[in-house]
Amino acid sequence: MTSQSAPDQTKPSASSSHQSERVLVLDFGSQYAQLIARRVREQHVYCEIVRHDISAERIRELAPRGIILSGGPSSVYDTAAPKCDPGIFRLGIPVLGICYGMQLACEALGGTVGRAEAREYGRAACEILDHDLLFAEVPDRTEVWMSHGDQVDGLSGEFVPLARTATCPMAAVRHRSLPIFGLQFHPEVTHTPAGGVILANFLRSACGCTGTWRLDDFATAMIEDLRRRVGSDRVICGLSGGVDSAVVAALLSRAIGDQLSCILVDNGLLRKGEAAAVIEEFTDHFRTDLHVVPAETQFLDVLAGVTDPQEKRRRIGKAFIDCFSAEAARITGGKFLAQGTLYPDVIESGAAADGPAATIKLHHNVGGLPDDLQFELIEPLRDLFKDEVRQLGLQLGLPERIVWRHPFPGPGLAVRCLGEVTKPRLDTLREADAIVLEELERAGLMRKVSQAFAVLLPVQSVGVMGDARTYDDVLAVRAVETEDFMTADWSHLPYDLLARISTRVINEVRGVNRVVYDISSKPPATIEWE
């Protein structure tokens, strides 16, 4: 039996197969596609992302209540621009085009699109011309977030303008006879204050959604699906120390009980005390069949001399599979491999739509698995965002100390130890990282900050300790606040907290003489440094 590739996103996921109300987002490469889906779910309507070139016939089979066309980096008049099946517009299913999606819909139905005289990036004042349906309860003038260089410059007689800005006379449109709407701005971002109202109007008034989807429905449906798919076979789950794999294990424990075996590969790349915490939780609390593989030496050997971040991820992924497979071979009846892949992991790996979205980085648990891996993949969380995973974890009975643990990358500290990865450097980073998290906890900011960690830089600087000159490592502290981990702002931590972190690290962690704070947002930076 060979591994299965990432599921075709034109097929409904297991979790969505039970949804009576479903909205599809066709992804044209937008950095906000996942955010659109999240905003729809906030309206208690299940939403999933599919390929931009999904056929109209397949959409008819899925029977969604509505379709949203995402934005994207292309121009619709480019020969290589991603397009959708034009038959979608004749299905009678309400369609909302956002930015590129609006331009695509208008062009497909007789309009023209061209380069705007004045590009719009950022906030813009928008005047509402028609308050029916889409703009019900939206003020006459509202602020919107624009991000475009092209715009619709000619409408066929079938479209009616609904809103305008100073430089965009058709900031929103609707078709006269078909349930098709377009927004040149982005309602899904928080910079459009009325965006939630506009999306809710589309979902309820245009699509007829009642907003009955709840996360506990997801859990119930997924547990049923897991039981049906697994049958009497055994599932093997890799625990990493992070919340995602812990929730997967808890979900599987609820679904199949003692048919679950967990493997913790202690690769020497975990945070301080993390392996011990996982062992305690999944032996004492869940009483899982837990196998611990001591593999620090093996991972350090394969990482020796490697500095390229993608190569680190590849080698760690291979070493993990080698260790995992060897231990799994000792477990009788193992047929399925469960992983804690999330929606942001999928989209950043370019696997969600298999289309125009760029690969930002490799996730070792998304793709890249060998063809001869003797397991079928189960990824029960691949449709969920981080905040939804936390909610699910609490529903499943995981303790808050695990549920609210800050996200941790699959390759562990190796991608926070910039440059060559060695045991002394990892030990330095591990101690410093623990201080960062301890001080955040003491300040009562662990839940306010979405993710915080230390990064050991391959840079030395001159310092003075006592009367002696030092030439030691530089440590960066990273803390961000985000709702979806697709975009993030750096956390404005109190100066006294940063001072305590710096003082403690320099005093307590041998080999570090300088601490800096990362004030980059995502985009343009990513949350992790590698």
Hey, what do you get for [atom1] ([X]) to [atom2] ([Y]), rounding to the nearest 0.5 Å?
| X | Y | atom1 | atom2 | answer |
| --- | --- | --- | --- | --- |
| Ile435 | Ile501 | CD1 | CD1 | 9.0 Å |
| His492 | Tyr517 | NE2 | OH | 8.0 Å |
| Met222 | Leu215 | CE | CG | 11.0 Å |
| Ile98 | Ile36 | CD1 | CD1 | 4.0 Å |
| Arg229 | Ile378 | CZ | CD1 | 4.5 Å |
| Phe336 | Asp233 | CZ | CG | 5.5 Å |

Legend entry - Verdict with reasoning, Thr428 to Leu475, per side-chain contact (heavy atoms from CB on, under 4.5 Å): CA-CA 10 Å; Thr428 296; Leu475 186 94; 5.8 Å; no
So do the side chains of [X] and [Y] get within less than 4.5 Å of each other, counting heavy atoms only?
| X | Y | answer |
| --- | --- | --- |
| Leu398 | Arg405 | no |
| Pro494 | Leu445 | yes |
| Leu269 | Pro411 | no |
| Phe282 | Ser253 | no |
| Trp490 | Asp518 | no |
| Gln298 | Asp322 | yes |
| Leu96 | Ile198 | no |
| Met446 | Trp404 | no |

[X] side-chain N/O to [Y] backbone N/O, donor-acceptor pair under 3.5 Å:
| X | Y | result |
| --- | --- | --- |
| Asp489 | Glu481 | no |
| Arg234 | Gly333 | no |
| Gln339 | Val248 | no |
| His406 | Ala452 | yes |
| Ser261 | Ile236 | no |
| Arg39 | Gly196 | no |
| Thr526 | Glu528 | yes |
| Ser450 | Thr482 | yes |
| Ser30 | Tyr32 | yes |

Inset, instruction - Going by the side chain to side chain contact (heavy atoms under 4.5 Å, CB included) test, name the single residue among Leu134, Ile68, Thr192, Leu199 that passes it with Leu183. - result: Leu134
Inset, instruction - Check Leu62, Leu24, Val25 against Glu48 for a side chain to side chain contact (heavy atoms under 4.5 Å, CB included) and give me the one that passes. - result: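 So the option named by the test is Leu24.
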Give a yes or no on whether a salt bridge exists between [X] and [Y], defined as a side-chain N under 4.0 angstrom from a carboxylate O.
| X | Y | answer |
| --- | --- | --- |
| Glu388 | Arg38 | no |
| Arg214 | Asp216 | no |
| Asp427 | Arg430 | yes |
| Glu21 | Arg65 | yes |
| Arg228 | Asp225 | yes |
| Arg227 | Glu224 | no |

Inset, instruction - Decide yes or no on side-chain contact (heavy atoms from CB on, under 4.5 Å) for Val306 and Val421, but give the supporting numbers first. - result: CA-CA 7 Å; Val306 178; Val421 178; over 6 Å; no
Inset, instruction - Walk me through it: do Lys423 and Glu296 pass the test salt bridge (Lys or Arg N to Asp or Glu O under 4.0 Å)? - result: CA-CA 9 Å; Lys423 181 170 174 51; Glu296 180 183 48; 3.3 Å; yes
Inset, instruction - For side-chain contact (heavy atoms from CB on, under 4.5 Å), just list the numbers for Phe320 and Asn267, CA-CA rounded to whole Å, side-chain angles, deciding distance to a tenth of an Å, and then say yes or no. - result: CA-CA 8 Å; Phe320 171 80; Asn267 56 15; 5.9 Å; no
Would you name the heavy atoms of [X] and [Y] that are closest together and state the gap between them?
| X | Y | answer |
| --- | --- | --- |
| Ala249 | Cys262 | CB-SG, 4.1 Å |
| Phe385 | Gln34 | CZ-O, 2.9 Å |
| Glu379 | Thr341 | OE2-OG1, 2.8 Å |
| Val515 | Ser502 | CB-OG, 3.8 Å |

Legend entry - Within 45° cone of Phe453 ring axis and under 6.0 Å: Arg416 NZ or CZ: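 Judged by the rule (NZ or CZ under 6.0 Å from the ring centre, within 45° of its axis), Arg416 counts as positioned above Phe453.
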Inset, instruction - Evaluate side-chain contact (heavy atoms from CB on, under 4.5 Å) for Phe299 paired with Cys323, printing each intermediate quantity in order. - result: CA-CA 10 Å; Phe299 277 77; Cys323 293; 3.9 Å; yes
